[in-house]
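Presented below is the structure to which this report refers.
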Number of protein chains: 2
Amino acid sequence: MAKQRAYSKYAQEAAVLMGEQIKLGRKRRQWTEKNLADRAGISRATLQKIENGEMSSTIGLVFEVAALVGVKLFESEKLPLSKHIEQARDKIALLPQRIKATKKVVHDDF
Amino acid sequence: MAKQRAYSKYAQEAAVLMGEQIKLGRKRRQWTEKNLADRAGISRATLQKIENGEMSSTIGLVFEVAALVGVKLFESEKLPLSKHIEQARDKIALLPQRIKATKKVVHDDF
DNA sequence: TTGGAATGGCTAATATTCTGGTCATTAATT
DNA sequence: AATTAATGACCAGAATATTAGCCATTCCAA
């Protein structure tokens, strides 16, 4: 019995795309499912779910496998991920730390 | 007791970055944690884990929340995700369907 | 300054995933 | 064509995530 949760089309497509990219990366490296699963320290069944774009896999395993086959997360070719994290944190720091149910209309045009 | 799994630095940073982007997107929209959690149909505790970049969250929930706050997955601004999926599948179709332990050296320079 | 809401962190109970195994089918190599 | 490994799919048990609730703390708004 599969989970009865509703996912947006966008989120689902993103998961499918992630799976395809991983499968593509694996095949380019001529790795079998078992081979990649062993490298990632996961079972072959789990890898299959990931490559099939199932929403139930944990993000840690998905990202780990993606990293192993060279899928670029966030397309960050120029900057290292850590720089992106810094930048995101800088932006967050500029915003109020807590959101209170506001009465005033706020113009949020970034 | 936290899970005893080893993750690559790259995968961990990607998860953290994803969490930061979500938190940033949420704050820009002036949504509280509870507000976003309700929209996504998840608990506030889970949302906190996602925003903290914990590797244990399910990719379905992470992508769903990301979509809700407008985080661009795969930076696909030009092409829709579905087009990317097609392209990935086309590339996979060109490769052999199964990988057998090969004797010959293959030049795989894409 | 103060009241109240948002956040951070914890717990036990429940729900779900991950694993390791098996089996059938298919494709690559000889 | 035959052989054999890779893939696809399923299962029960073990491991883990998710939830709902609670409390303490912090910060925004009045």
Integer-rounded Å distance: C/dA28 P and A/Gln30 CD
12 Å

I want to check one thing: is the phosphate of C/dT16, taken as OP1 and OP2, less than 4.0 Å away from some side-chain N or O of A/Ser56?
no

Find the distance A/Met55:CE to C/dT16:C1' and express it as a whole number of Å.
15 Å

Sub-4.0 Å heavy-atom contacts from residues 31-40 of chain B onto DNA chain C, ordered by number
B/Thr32, B/Glu33

Heavy-atom donor-acceptor pair, B/Arg89 side chain to A/Glu20 backbone, under 3.5 Å:
no

Protein-nucleotide distance (B/Ile50, atom CD1; C/dG8, atom C1'), rounded to Å:
16 Å

Check whether the side chain of B/Lys100 and the base of D/dT4 form a donor-acceptor pair under 3.5 Å.
yes

Quick one: does B/Tyr10's side chain have a donor or acceptor within less than 3.5 Å of a partner on A/Ala66's backbone?
no

OP1 or OP2 of D/dA17 less than 4.0 angstrom from a side-chain nitrogen or oxygen of A/Arg5, does that happen here?
no

Side chains of B/Leu17 and A/Phe74, heavy atoms from C-beta outward: is any pair under 4.5 Å?
yes

DNA chain D: A/Ile99 or B/Leu47, which has the more 5' nearest nucleotide?
B/Leu47

Nearest to the side chain of B/Arg44 - D/dA20, D/dA6, C/dG8?
C/dG8

Under 4.5 Å between any side-chain heavy atoms of B/Tyr7 and B/Glu13, yes or no?
no

In this structure, how many angstroms lie between the P atom of D/dA29 and the CD atom of A/Gln97, rounded?
12 Å

Identify which nucleotide among D/dC10, D/dA17, D/dC27 has an atom closest to any side-chain atom of A/Thr58, counting heavy atoms from C-beta outward.
D/dA17

Partner set under side chain to side chain donor-acceptor pair (under 3.5 Å) for A/Glu51, not counting sequence neighbours
A/Arg26

A/Arg26 vs D/dT7: side-chain N/O to OP1/OP2 distance below 4.0 Å
yes

What is the separation between atom NZ on A/Lys49 and atom P on D/dC10, rounded to the nearest whole Å?
11 Å

Do the side chains of B/Leu61 and A/Arg5 get nearer than 4.5 Å, heavy atoms only?
yes

May I ask you to evaluate whether B/Ser43 reaches the phosphate of D/dT18, defined as a side-chain N or O under 4.0 Å from OP1 or OP2?
no

Given that B/Lys23 and A/Ser57 both sit by DNA chain C, which one's nearest nucleotide is further toward the 5' end?
B/Lys23

Nucleotide C/dT16, atom P - distance to CD1 of A/Ile59 in whole Å
20 Å

Could you tell me whether a side-chain N or O of A/Lys49 sits under 3.5 Å from a main-chain N or O of A/Ser56, the two making a donor and an acceptor?
no

Students often get this wrong, so: under 4.0 angstrom with heavy atoms, is A/Gly60 touching a base, only sugar-phosphate, or nothing?
nothing

Between P of C/dA27 and CG of B/Leu95, the distance in whole Å:
15 Å

Cut-off 3.5 Å, no hydrogens considered: what does the side-chain donor-acceptor table look like for residues 32-43 of chain B, sequence neighbours left out?
residue, atom, partner, partner atom, Å
B/Thr32, OG1, B/Asn35, N, 3.0
B/Glu33, OE1, B/Arg44, NH1, 3.0
B/Glu33, OE1, B/Gln48, NE2, 3.1
B/Lys34, NZ, B/Asp38, OD2, 2.7
B/Asn35, OD1, B/Arg39, NE, 2.8
B/Ser43, OG, B/Thr46, N, 3.2
B/Ser43, OG, B/Thr46, OG1, 3.0

What nucleotide, of D/dA9, C/dT19, D/dA17, holds the atom closest to the side chain of A/Gln48?
D/dA9

